[in-house]
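Every heavy atom of this structure was used, including side-chain atoms; hydrogens, water molecules and symmetry mates were not. Letters A, B, ... are given to chains in the order of the sequence lines, protein chains preceding strands, and every chain is numbered from 1.
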Amino acid sequence: MSVTIQIPTALRTYSDGNAAVEVSGTTVREALDALTTTHTGLQRHLRTDSGALRSFVNVYLNDEDIRYLGKEDTAVADGDTLTIVPSIAGGVGS
Amino acid sequence: MTVRFARAEYQRMHAAAAEGYPHEVVGILAGSRSTGDVTEVVPLVNERADSPRNRYRVSGLVMMRAEQSVEARGLEVVGYYHSHPDHPARYSEYDRDHALPNMSYVIVSVREGVPGDTLSWRLVEDRSSMDAEPVEIV
């Protein structure tokens with residue numbers, strides 16, 4: 001399946017400046033893995049060392065948050081759009 | 001990169017930090033990414049109502065809409081600001097762990113309700129730390 005992944009501003013230096021990248025995959029995971037295989041600089045900012053998506057990385061399949069679908073196992077169809085939408089978080093902590 | 005605040009916007013950011021004390025406040029710094037000029041400070045709502053004294057969060061959809069609004073006005077997102085109530089303006093490990101690359105993270109230290117030290121930080125490439133950036137008021 002051919003899927004378009006929308007890249008947020010903060011990560012476009014790793015997509016050669018492109019706001020969107022076309023990839024192939026049958027699930028969200030396959031599509032994101034295809035993205036990071038061809039754009040390796042994205043890997044460390046999208047995923048933790050254990051391979052999970054970082055907590056501030058939100059992924060929408062068309063208009064739906066994948067957390068409310070099948071998460072990264074969600075199937076994608078030809079022409080679907082995945083949008084990476086970072087939240088922001090932080091704080092002094094202690 | 002040097003973060004260059006328009007004076008009125010720097011003062012607005014400090015005023016927001018003071019008004020929000022003792023909670024952390026957060027917002028977008030809008031302007032020009034190529035020059036580091038911040039011409040508009042955009043306050044956002046801190047969604048960490050459970051722990052606002054030491055945490056902030058703005059969810060993805062809210063961020064997306066806010067950033068689209070910034071871009072519709074012909075501006076770019078230069079970075080984000082937040083406040084540290086009664087703590088230094090240095091980034092915490094939690095700040096670093098949640099930081100995005102290629103953005104300026106301005107932190108305002110607010111001591112007993114009074115904004116003071118204001119520092120900017122940028123995530124290094126391997127995410128292990130954040131480098132200090134100069135802050136100017138123009």
Q) Do Val38(B) and Val58(B) share a hydrophobic cluster (ILVMFWY, side-chain heavy atoms under 4.5 Å, transitive)? A) no
Q. Any idea which of Tyr56(B), Tyr80(B), Tyr94(B) has the most non-hydrogen atom pairs under 4.5 angstrom with chain A?
A. Tyr56(B)
Q.
Assigning hydrophobic clusters by single linkage (Ile, Leu, Val, Met, Phe, Trp, Tyr; side-chain heavy-atom cutoff under 4.5 Å), is Val41(B) placed with Met1(B)?
A. yes
(Q) Which heavy atom of Gly91(A) sits nearest to which heavy atom of Ser92(B), and what is that distance? (A) O-OG, 2.6 Å
Q. Is the number of heavy atoms from other residues, nucleotides or ligands within 6.0 Å of CD (Glu19(B)) greater than 12?
A. no
Q.
Are Tyr91(B) and Val110(B) linked, directly or through intermediate hydrophobic residues, by side-chain heavy-atom contacts shorter than 4.5 Å (ILVMFWY only)?
A. no
Q | Pairwise distance NE2(His98(B)) to OG(Ser87(A)) - rounded to 0.5 angstrom | A | 8.0 Å
Q.
Which one wins on heavy-atom pair count under 4.5 Å against chain A: Asp97(B), Leu123(B), Val77(B)?
A. Asp97(B)
**Q.** Within 6.0 Å of CZ in Arg53(B), more than 12 heavy atoms from elsewhere
**A.** no
Q. Hey, does Thr13(A) have a side-chain heavy atom less than 4.5 Å from the side chain of Pro101(B)?
A. no
Q. Is the shortest heavy-atom distance from the side chain of Thr9(A) to the side chain of Met103(B) under 4.5 Å?
A. yes
Q: Mind ranking Leu44(B), Asn102(B), Ile107(B) by heavy-atom pairs under 4.5 Å with chain A and telling me who comes out on top?
A: Asn102(B)
Q | Gly90(A) backbone acceptor or donor facing Asp95(B) side chain under 3.5 Å | A | no
Q: With a 4.5 Å heavy-atom cut-off (strictly below), which parts of residues 42-69 of chain A touch chain B? List them by number.
A: Arg44(A), His45(A), Arg54(A), Ser55(A), Phe56(A), Asn58(A), Tyr60(A)
Q | Interatomic distance, Arg57(B) atom CZ to Ile88(A) atom CD1 [nearest 0.5 angstrom] | A | 11.0 Å
Q. Mind checking whether Leu35(A) and Val28(A) sit in one hydrophobic cluster, side chains of I, L, V, M, F, W, Y counted as touching below 4.5 Å?
A. yes
**Q.** Heavy-atom proximity to chain A below 4.5 Å, by part of Glu125(B)
**A.** both
**Q.** Heavy-atom pair of closest approach, residues Gly60(B) and Val85(A)
**A.** O-CG1, 3.0 Å
Q: Can you tell which part of Val26(B) gets under 4.5 Å to a heavy atom of chain A, answering side chain, backbone, both or neither?
A: side chain
(Q) If hydrophobic clusters are built by linking Ile, Leu, Val, Met, Phe, Trp and Tyr wherever their side-chain heavy atoms come under 4.5 Å apart, do Val76(A) and Val21(A) end up in the same one? (A) yes
Q.
Does any backbone or side-chain atom of Arg48(B) lie under 4.5 Å from a heavy atom of chain A? Answer side chain, backbone, both or neither.
A. neither
